[in-house]
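Remarks on the structure that follows.
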Amino acid sequence: MNKIVRVDMSSQKISELPIPAQYSGLAGRGLTSAIVNDEVPPLCHALSAQNKLVIAPGLLSGTIAPCSGRLSVGAKSPLTGGIKESNAGGTASQKLAKLGIAALVVEGQAPRGTLWKLVITRNKLELLPAKDLTGANNYKVIEKLTKTYGEKASYITIGSAGERLMSAASVAVTDLENRPTRHAGRGGLGAVMGSKGLKAIVLDDNGAPPITIKDQGAFKAAAKKFAMALKEHAVTGKGLPTYGTNILTNIINEAGGFPTRNFSTGQFEDADKVSGEMQRETILKRGGVATHPCSHGCVIQCSRVYMDKNKKYLTKGPEYETVWANGPNCGINDLDVIAKLDRLYDDIGLDTIEMGATLAVLMEAGYIQFGDGAGAIGLIKEEVGKATPLGRVLGSGAAVTGQAFGVCRVPVVKRQALPAYDPRSIKGIGVTFATSPMGADHTAGYSITANVLNVGGRVDPLKPEGQVELSRNLQIATAAIDSTGLCLFVAFAVLDIPAAFEAVYEMINAQYGLVLGPDDVAALGKSVLKCEREFNKKAGFTAEDDRLPMFFETEKLPPHNAVFDVSHEALDSVHNY
Amino acid sequence: MSKEVSIKIYVKLYATLTKYIGRSIMHEPMEVELVKGATLTALYHRLGIPGDEVKTAFVNSKMQSDDYVLCDGDHVGVFPPVGGGCS
Ligand code: SF4
């Protein structure tokens, strides 16, 4: 990974440059955020030619390091107006790394009415017209592209929502079965790609040489040590492979932190009907796959393949946050309805969390009733899918929808919808939601670990004490992990097993000939967050943007009748390091 | 067990723990009668769940440790190590 590829959509010129010295040691989120901060005018409109879409594999991507296939996608977000890094699995990250590309920077804007695909092979970089893909959704796009470029290539695409510049649009990445199921969902990056006039990126690494590893022996040993720790830890070795991420439904519900019917209560009476246990039974009964990797070399395998009632492929997962957003948060207790919505989101190219939160806000407005699954499916298919005026409002996310329909209880921070955990009864995650430069994002500092799961220590979720430190440390660690290409799920083992943490920097050291230690990992995380906050500040964000909506401080959440009571001063101290 | 010295609680086991009651999934809580003063550890013992397989237990939605003394009418949810959600 030694070059940066720049694609100027205005002139359709492509250039390849060696990675500049100032970015050495950066990859993944560290690199996307640095480039966005250095090159994107913070006050630009996110859908204008001045914004840049930056796509980068992680430091370890493309190697045999277990679970190292995560891809970082960055830009100024049309949803939040701040910096964004959204992360996806699938096969693209490893292919980019093997093609030697540290970052792909898409800049400028194609002439109106034109649509393009970028095709990258070992010897060639080409921008080709893609008019035939106009208006197509992701599954169709993949079907068409596969006819030309084959099943072995990797595809990064947008559906119709991205082309239509909706702020909830995602960037899709194909999985091992060549399906567009892994998405950089958050923050509307699909709309940024659409605004550039770029419909698809094709990555074919056929014939590309293997990644250079400075010390093969040490690398293999560290990778083995890492894989063993992942197998040994009960969550990464057993819980996630058996039940997938939706194992969380029951435990978050038991803890009283399961936002139900647009965050009006913390427990859902039908949680068991949409739980991971139920999902596993349903998947196995219908001949689906209950333990499945989303990319090569994943040893955890939290992904799954979901079949419909006729035992035909419907969609992946769905993941916990998708199940929550479109299920209990909408008063819906039917896994098949949720799976159909998931399929529609993957196809149209939408963030499953933002859209579920949006539907719940619309239900709160009384436009359709809580629990109306058929109504929800109809709205996504007929309104958002067809970009009617109502569909465009919904496709702009929960904040816009709440505003359009006069709803007060709109669960967003920096205009991005809160995921799956109520900050009143799980306060550590509330600190992350409030203070992450990304807007409300659970992955930015997953305090659920110590608050509920008893991983990486224990901090009482109902008390304000200790939450700031918990969230701060996790935000720092996460910013570093997001730069490695490692799937964040490795964190369960990394937090509990010292050998797993050691193995992470040992792998990086062996690959690049470095001598990093634990302190360097933390320093990397801090520098990434600093750079992201610097961009947000220049874009107009202040301390007051690091707050939860006020209803979390005033409306009591049953069953604990808790409010979010971490003080504003404490929130302002999160990024003191 | 005479009424005065026994309590009734309602228990739900989750994920892999349901195997100890011979099921793959539990939709409804089950009623368990225990002597007054029984702790969560005693409950695990009664149900044949090895203590080291329990990671987290909630009593009436609050996380409690193994030495928690159960009260009549308590709702208990018991989990093995679980995690996810950060991807
Ligand atoms: S743990 Fe899950 S999300 Fe992470 S790489 Fe493996 S299958 Fe993908």
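Proteins come first, then strands; the chains are lettered A, B, ... in the order of their sequence lines, and each starts at number 1.
Looking at B/Lys12, the atoms closer than 4.5 Å to chain A (heavy atoms on both sides) all sit in the side chain, from C-beta outward. In this structure, the portion of A/Glu281 lying under 4.5 Å from any heavy atom of chain B is its side chain and not its backbone. Neither the backbone nor the side chain of B/Thr18 comes within contact range of chain A; no heavy atoms are under 4.5 Å apart. Within the 4.5 angstrom heavy-atom criterion, only side-chain atoms of A/His560, from C-beta onward, approach chain B. For a residue to count as touching a neighbouring chain, one of its non-hydrogen atoms must lie under 4.5 Å from one of that chain's; by this rule B/Phe79 touches chain A with the side chain only. Of the two parts of A/Arg280, neither the backbone nor the side chain holds a non-hydrogen atom closer than 4.5 Å to a non-hydrogen atom of chain B. Within the 4.5 angstrom heavy-atom criterion, only side-chain atoms of A/Lys238, from C-beta onward, approach chain B. When heavy atoms are compared at a cutoff of 4.5 Å, A/Asp270 does not approach chain B at all.
Every residue was checked against the ring-ring contact (aromatic ring centres under 6.0 Å, His included) condition with B/Tyr20, not counting sequence neighbours, and none meets it. With sequence neighbours excluded, no residue forms a ring-ring contact (aromatic ring centres under 6.0 Å, His included) with A/Tyr243.
Shortest non-hydrogen contact noted between B/Ala15 and A/Ile247 is CB-CD1, 3.6 Å.
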Query raised in the report: Checking side-chain hydrogen bond (donor to acceptor under 3.5 Å, both in side chains) for the pair A/Gln267/B/Ser61: CA distance, chi angles, key distance, verdict?
Result: CA-CA 9 Å; A/Gln267 278 175 332; B/Ser61 307; 2.9 Å; yes
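Using a 4.5 Å cut-off on side-chain heavy atoms (C-beta onward), A/Leu462 and B/Lys62 make contact. Residues B/His27 and A/Met278 are in side-chain contact: their nearest non-hydrogen atoms beyond the backbone lie under 4.5 Å apart. Put simply, the side chain of A/Leu453 reaches to within 4.5 Å of the side chain of B/Val82, judged on heavy atoms. The side-chain heavy atoms of A/Asp272 and B/Tyr14, taken from C-beta on, include no pair separated by under 4.5 Å. Considering only heavy atoms from C-beta on, B/Thr56 comes within 4.5 Å of A/Ile251 through its side chain. Between A/Asn454 and B/Met63, the closest side-chain pair of non-hydrogen atoms falls below 4.5 Å.
Between the CG atom in B/Leu13 and the CG atom in A/Asn250 there is a gap of 11.5 Å [rounded to 0.5 Å]. In this structure, CZ on B/Arg23 lies 13.0 Å from CD on A/Glu277, to the nearest 0.5 angstrom.
Few gaps surround NZ on B/Lys19; more than 12 heavy atoms of other groups in view lie less than 6.0 Å from it.
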